[in-house]
Each structure stands twice: as C-alpha cells, then as structure tokens.
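Notes for the one structure printed next.
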Amino acid sequence: VAAENVSVVKVRNVLMVTVPSGPDDATVSELQEQVLHAMADHEAKGLILDISAVEILDSFFARTVAETAQMVGLMGGETVIAGMRPSVAITATQLGLTLGRARTALDVERGLDMLGGL
Amino acid sequence: MAEALAECRRRIAELESSKARLEEAKEATGRNAELLQHLLGALEDVVWAASADGTESLYINEAAERLYGRPRAAFLEDPDLWQKVVHPEDYEQAAGSSENLLEKGATKVDYRILRPDGEVRWVRDRKYVVYDQDGRPLRVVGIASDITDQKETQEALRESEEKARRLSEAAFEGIVIHEQGKVLEVNQVFAKMLGYESSELIGTDGLALLTPESRELAAEHIASGYEKPYEAVMIRKDGSRLPVELLGKTIEYGGRSLRVTAIRDIRTRKRREETIRRQADEILEISTPILQIQEGVIVTPLIGTLDNERSQRFAEELLTAVVETGSEVVLIDITGVPTIDTVTAQHLIETINAVRLLGARVVLTGVRAAIAQSLVHLGIDLSDIVTRSSLAAGLRVALEMMAGGI
C-alpha cells in the first residue's frame, strides 16, 4: 500500500505536520521518517502534529506518535499534539492509549504559543 | 295284478321316503329359526320389522325390553308405540325418521326416549326398506342402538371445551394456539388487539402477524421451545405496529406439538419506559452543568455518583465544551459527590486524561477531607493531577495558569 503524501512544513523554527483523517500504518511510518529527517535538516526546536482531521486513533498510531515525540526529544526538540477531537480523546483514554512525553494543545495556534514560550 | 301291486308298493315306499325328507327339512328349518332367534335375542341393539305401510308390527327382539323398559308384546300390539316414547323435545327429529322413508330407502336419526321409570336414553334409530323381486317395498326393518354413553361423553367434552373457551375469553391477554405457526384457535382479546375477527385468523400463518425482525425471533423460540416472556412487534390489520410481550408454552397433544402463546399489549409499559428514560436523560443533563466563568476557563460541578453511562456522557459533554469554548483550563468540582469509590475515581481519571489529550489543563476541586481519606485508602493515585480542597482555591490556580504562571 502506497503511503499517503505527508508534507512537513517549517514555520520559523517549528515543524508543522497535518495528519490525514484516516492514517494507515504505512502513512504513519512515513510521517515519522519525514519528521526525523526534517528535524535533522532544519535543527527545528519543536514539532506540531495537527490531528484535528483524525477521526480514529489506533494503538499503532498512538505508539508511533509517542515514539516520534521521544525521538524528537533526543534530537533536542519538543512535540505538541494539537486539535484532538473529543471523541478521539475519549476512545484513546478508554483504550488506555497514551502519547508518552508529547504535550497537547487545543489547536495549532496554542501549540505555537507553547513552543514559542520556550 | 301282481304288477299293479308291485307298482303300488314302490309308490308307497317313495312317498314314505319323501315324507321323511320333508320331516328332515322341517326340522332343519326349525333349527335355523331357533338359531336366528338366539342370535337376535343376544343382540344389544333393538332389531325389528314392520309392514311396508307401518301399520303392522311383525317382529321385535328382546333388546327392546332392555332399551325401552317395555314388554315386546306392547310394541307388537301398537305399531306406533316407538314414536309415543320419544322425548317431547325430540319429537320432530324422531318423526323425520319415518317421513318419506319409502322414497329414501333408509334413514338415520338420533333422539332421546323416555322410559316408564323416568330415565332418559339417547337412541340412534336406523330404518331400511326391504324390497321384493319386482322392486316393490316388502317391509321395513330397523335397528335402534343405545348411544347414551357416547352422547354423555360428547356433551362432557363440549362442556369442557366451552369452559376452556370461556376461560380464554375471560383472560386479559390475547391467547393463540398454534401448530408450527399455523393458527388453530384464538380468543376474542387477541383478535380485537389486532383489529381482526377471530374467524379471519384461524388457519392462517400466525408468524405473518409479526414484523420481519420479530418473526425471526419467534420462529427461533418456537423451534427451541423457549418458555420465557420476550418482546416483539405485531402488525395490526390496519398496518399499524403493536408492541407486545409474548409468552409461549409447547404442549404435546395427541402426538402433535402445539404451542399456546399469551400475548400482552405493552404500549402503556413502553410509553412509561420511554418517559423514565427521557427523565433520566434530563436529570443527567441537569446534574452536570458546564459553565464558562472566564475566557479560557470552564467549571463543572459534579453532583451525585458517576456510573458508566453518566461518566461517558459527562466526558463527551465536557470535552465538547472544552473544544467549543477553546478553554485551556477546566475546573472539575466534586463537592457534590457524596462518596468516591474505585469505579467513580477511575471514571474521573479517564475524563481528566481525555481533557488533557485535547490540550487543556485540569484542576480537581472540592476534595473534602472524607474524599481525600477514601482516595488514599483506596490507593488511588492523583499525584499528577492538580487538586484543591475548595472551588475558590482551584479558581486561583486556574487564573495563575492562564496568566502563564504554572
């Protein structure tokens, strides 16, 4: 299965990624790959994952995001997950899914505030 | 002369031998007649014979005395006696047995008779016409059988059926007796419930009266012999739906597997259930108001205990409110929660985690002494959640958070 195109955008020194609504495993893996390369290329100080389009959160996605946050941390950056939908949040807690050391924000703007305050 | 004498002797011998044969034949006839008498006398049924025009009695056997309680001679003397002993209420039926008998050739009628001792007996009267070689009526013969026992059994059966029918009519529930779905009997209540006449339903497929979904369920229950009440939806004659409760029982009867099903109209119960559910919903909504007290800060005072359903609703509403108001701080006040147990605590922690996933921060307020004690005793760890004993204290923390402090 071909991975969906994921674009990593750099705004000032923050990387921004918009996750498509129903990310499959290949897309999620591809996302991690691209983010890490971009981190290395741009020496960004943070990453904002906009998941406001995501309707279903599975364990693979949650684990990959937690891992990515950990990897980004090792590379000196901080990760913010922005815009999670209420239904996704409820399902995630019921399934016991956690996002590791990633922080959360209501939306991308607040996520930028968080990283800007560093 | 000698020749003539010899001829005479020969004739005499001939005559004597033929006389002996005649005697023999007479004797044989007498024996046959006697045998016939014995046979007729041994019969339980009354056998009689009369002239074709009915004006003369020719014969009647001993059984007549047992059945009618009158001497045989009386019947032989009075050819109309049999009609005189008929029960007054059955006179017409009895008269019908001899009406146009010669044209019909045979008749069969049941009626009651009155014996001299006052006893009433049921008689099955069969009459036949006997014809001569030219086809003219020669005489009339008949058999009268005592069918009192048979009639009494029938009557008892009819009465018990009538009783069962009345009982089922008196029931408040609809009752259907069917065999693999084919309707054998219904009561008035059932027919009325669906807007039919009883006669319209008998012989039809009872399962066709159910909606397709209910039909499947009912068929399963019939096959498995299920004997507990279950809910189903029936289709009335006018096409409207009727929610019912069915309770079936399989009975083995004469080698057949019949099912008696009681049907109860549960519209009222359904309406009541609906009202209760709606009120419960309203109470749930009332009990968890969510208030925005400042830009970015919402407060929700929890009252009562959190069960599974309520907790799910609470989480959904709170999270939606967080997103809609764009609030960064959520104060959950548990002053109104009487006691906390592991289940309530678990629900609370899940809700707080979900709020955090959205990117908002949570302050749990109203942690009174008793609640603090039970939380520790239950081993519930809330160390990564900001908690305060009062809403006022929580509000101060929230404002500090908004100011960018903590």
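In the text below, chain A, chain B and the rest are named by the order of the sequence lines, each starting its count at 1. Everything quoted here is computed from the prediction, not taken from an experiment.
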Heavy atoms only: give me the nearest A:Gly100-A:Ala66 pair and the separation to one decimal.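 Residues A:Gly100 and A:Ala66, closest heavy atoms: N-CB, 3.9 Å.
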With a 4.5 angstrom heavy-atom cut-off, could you sort out which part of A:Arg85 is near chain B: side chain, backbone, both or neither?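 Just the backbone, heavy atoms under 4.5 Å.
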Is the closest side-chain donor-acceptor distance between A:Thr68 and A:Gln32 under 3.5 Å?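 Note: A:Thr68 and A:Gln32 side chains meet the donor-acceptor criterion.
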Within the 3.5 Å criterion, strictly below it, is a donor on A:Thr93 or B:Asn353 matched to an acceptor on the partner's side chain?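 Their side chains do not contain a donor-acceptor pair, so the 3.5 Å distance test is not met.
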So what's closer than 4.5 Å to chain A heavy atoms on B:Ser327: side chain, backbone, both or neither?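 Only the backbone of B:Ser327 comes within 4.5 Å of chain A.
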Fit a plane to each ring of B:His221 and B:Tyr230, take the angle between them on a 0 to 90° scale, and name the class: parallel (under 30°), tilted (30 to 60°) or perpendicular (over 60°).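 Perpendicular.
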Between A:Asp107, A:Leu106, A:Ile81, which shows the greatest number of heavy-atom pairs under 4.5 Å with chain B?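 Option with the top pair count is A:Leu106.
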Looking at B:Ala315, B:Gly359, B:Ala354, B:Gly326, which has the largest count of heavy-atom pairs under 4.5 Å with chain A?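 Looking at each of B:Ala315, B:Gly359, B:Ala354, B:Gly326 in turn, B:Gly359 comes out on top.
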